[in-house]
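Written below as structure tokens is the structure these notes are about.
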Amino acid sequence: MTEWHKSSYSGGSNDCLEAREGSHGADVRDTQNREAGHLRFDRVEWAALVQSVGR
């Protein structure tokens, strides 16, 4: 599993999400509310999200 990271497009702000990718897919959490936990997306879901956002 990779380390948590933010998009380079987020600038210096903490108003964004953090993600970490692994063989299962990806986990996503709120940068301002990390202690609330994270959402897990399987590989198919994560690939579909990344593809749709990249359009």
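Numbering of residues begins at 1 and proceeds along the displayed sequence. A quick note: this is a predicted structure, and the numbers were derived from the prediction, not measured.
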List for me each residue that meets salt bridge (charged side-chain N to carboxylate O under 4.0 Å, His left out) alongside Arg43, sequence neighbours excluded, and say none if there are none.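 Residues passing salt bridge (charged side-chain N to carboxylate O under 4.0 Å, His left out) with Arg43: none at all.
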Once rounded to the nearest 0.5 Å, what's the spacing between atom CD of Glu45 and atom NE2 of His24?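 If we round to the nearest 0.5 Å, Glu45:CD and His24:NE2 are 10.0 Å apart.
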For the atom pair CD (Gln32) and CG (Leu17), what is the distance rounded to the nearest 0.5 Å?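 Answer rounded to 0.5 Å: 10.5 Å.
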Under 3.5 Å donor-acceptor, Gln51 side chain and Ala48 backbone: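 Side chain of Gln51 to backbone of Ala48, a donor-acceptor pair under 3.5 Å: no, none is there.
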Quick one: list whatever passes side-chain contact (heavy atoms from CB on, under 4.5 Å) with Leu39, sequence neighbours left out.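 If we apply the side-chain contact (heavy atoms from CB on, under 4.5 Å) test to Leu39, skipping adjacent residues, the hits are Phe41.
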On a heavy-atom basis, which atom in Val28 and which in Trp46 lie closest, and how many Å separate them?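 In terms of heavy atoms, the two residues are closest at CG2-CZ3, 3.6 Å.
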Test side chain to side chain contact (heavy atoms under 4.5 Å, CB included) applied to Thr31 and Lys6, step by step: CA-CA 8 Å; Thr31 302; Lys6 297 188 293 185; 3.9 Å; yes
Using the salt bridge (Lys or Arg N to Asp or Glu O under 4.0 Å) rule, collect all pairs that involve residues 23-34, keeping only residues at least two apart or in two chains.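 Sorted result for residues 23-34: Glu18-Arg29, Glu18-Arg34, Arg20-Asp27, Asp27-Arg40.
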